[in-house]
Protein chains: 2
Amino acid sequence: MSDEEQPPSRSTYRHGGLREALLEAGIEMAREGGPDAVVLREATRRAGVSPNAAYRHFADREALLKAVSDSCLGFSADRIERELAEHPPTGPGGTPTEADARAMLRAVGLGYLAFAREEPGLFRTAYSVPDDLSHAFDPAKAGRAGRTPFQLVGIALDAMVETGAMPAARRQNAEFLAWATVHGLGMLIIDGPLRGLDDRMVDFATSRLLDMVDRGL
Amino acid sequence: MSDEEQPPSRSTYRHGGLREALLEAGIEMAREGGPDAVVLREATRRAGVSPNAAYRHFADREALLKAVSDSCLGFSADRIERELAEHPPTGPGGTPTEADARAMLRAVGLGYLAFAREEPGLFRTAYSVPDDLSHAFDPAKAGRAGRTPFQLVGIALDAMVETGAMPAARRQNAEFLAWATVHGLGMLIIDGPLRGLDDRMVDFATSRLLDMVDRGL
DNA sequence: ACGCTCTTGTGGACAGCGTACACATGGCGC
DNA sequence: GCGCCATGTGTACGCTGTCCACAAGAGCGT
């Protein structure tokens, strides 16, 4: 037995990493039940601490939820990065070709939707807290590679323009269009009318949607 | 003073229209604060009835929320119908031309997004309850004209195919693509990164998005 | 006309939640 | 070595959803 971490009891009066422990507990609850399942008291219970201790690290339940939500965006970024990693640029010197750029954008969409399907609770939680553009690059929302989902879409779109796969005139704010499209399908799949469709159907819809983006952007 | 309806007191033991009153109260709460603001006890209070009375009409809070959610979908349909009404078919005998079909689809999207912006609480509530395709035509989700939002997209898409604005091969399941796109933008506008953007910017993004759908479907 | 029954509303209770306030603990800087 | 202040505890309050036993009375069959 080490120094601290066992929920049942701890030796020191101070917890040592309570904020982290509460966040972790919150993420676990979100994973299983979405944003509504993130319960402050339960988080303190799991951390082996009294309910009020949480207030030393989070202003209120909403603040904890916000932190959990940011982490979820980070996980989403990780999933997208993983998909991107499977399509490295094929051009000379690592520069992307036009086909690479299209593959990148597609990978971002696939990763985004894969995350929604694999971790619906976290996905819902990620977008359960109102936010705005000014925080789109907040490091708290970044994945392990340090990039937020928003940045990843942007990178793919930049490659589209650089390789001529997309007219530069349409580049501005194109993040929103690509994002909205994929986000909407994600919501429809996990909570909306597409819920319960078998995987092949969902894969098909995903593919069709990404085709549409590719054609229409 | 008539027979019943005043919150403070009522003469008869029976309320007479409690289910409707609770639903109405729920809608009002959803309008102001989204799904989480739909509180069972508060609804009974507004209806001038004891908390438990609600259980004679709804199995639990979730059931009330579901009913409110369905009503919200109906309101959404109403808003879309209003937008559609502004673009009646111009062809001979009321048959739509290709341009009409495009205008119809655009009107559906515009109406959908207008609803999201005008009634964000109701919009969020509409999609806060998990659902699936088998209920897409449930009359409870229909607007005053008797058609659900899902049906309205379908109608516009049918017109697109009939007038040759869209290849028939792409018709199947195209509802999902159109819907997902517009739904995603709606979410981004009211809760996501696009929150707080001024109206002109949002209008612009909306227009660009609908262009994309038109080109890419 | 009468009484039974079934639906609808009431009253009281309970556990769980978020959160406020006063208090305890003890690690760290002087 | 001492005192401060960040961190954790205890108690309490009002609110929620929901369960149970009970009351009221509308509407039916006889």
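Here is the naming used below: chain letters follow the sequence lines, and residue numbers restart at 1 for every chain.
Separation of the F176(B) and H183(B) ring centroids does not fall under the 6.0 Å cut-off.
The base of dG17(D) does not come close enough to the side chain of N52(B) for any donor and acceptor atom to sit less than 3.5 Å apart. Under 3.5 Å, the side chain of R61(B) and the base of dG17(D) form no donor-acceptor pair of N or O atoms.
The distance from atom CG of L65(B) to atom P of dT16(D) is 16 Å, rounded to the nearest whole Å. Taking atom CZ on R19(B) and atom C1' on dT7(C), their separation rounds to 16 Å, with Å as the unit. Between the NE2 atom of H15(B) and the P atom of dG9(C) there is a distance of 8 Å, given to the nearest Å. If you take CG of L64(A) and C1' of dT19(C), they are 14 Å apart, rounded to a whole angstrom. The separation between R46(A) atom CZ and dC17(C) atom P is 11 Å, rounded to whole Å.
Phosphate proximity of dA20(C) to Y55(A): absent, as no side-chain N or O sits under 4.0 Å from OP1 or OP2. The side chain of R45(B) places an N or O atom within less than 4.0 Å of a non-bridging phosphate oxygen (OP1 or OP2) of dT16(D).
Comparing H57(B) and R41(B) against DNA chain C, the residue whose closest nucleotide sits nearer the 5' end is H57(B). Each of D60(B) and R56(B) was assigned the nucleotide of DNA chain D with the nearest heavy atom; the assignment lying further toward the 5' end belongs to D60(B).
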For a quick test of your reading: what N or O donor-acceptor pairs under 3.5 Å do the side chains of residues 51-60 of chain B make, sequence neighbours left out?
residue: D60(B); atom: OD1; partner: E62(B); partner atom: N; Å: 3.2
residue: D60(B); atom: OD1; partner: A63(B); partner atom: N; Å: 3.0

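The nucleotide whose nearest atom lies closest to any side-chain atom of V39(B) is, among dT10(C), dG8(D), dG17(D), dG17(D).
Taking both residues in full, the closest heavy atoms of G111(A) and E83(A) are given as N-CG, 3.8 Å, listed atom of the first, atom of the second, then distance.
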task = Let me see the working for R195(B) and D131(A) under side-chain contact (heavy atoms from CB on, under 4.5 Å), right down to the final yes or no.
result = CA-CA 7 Å; R195(B) 226 170 63 110; D131(A) 200 0; 5.9 Å; no
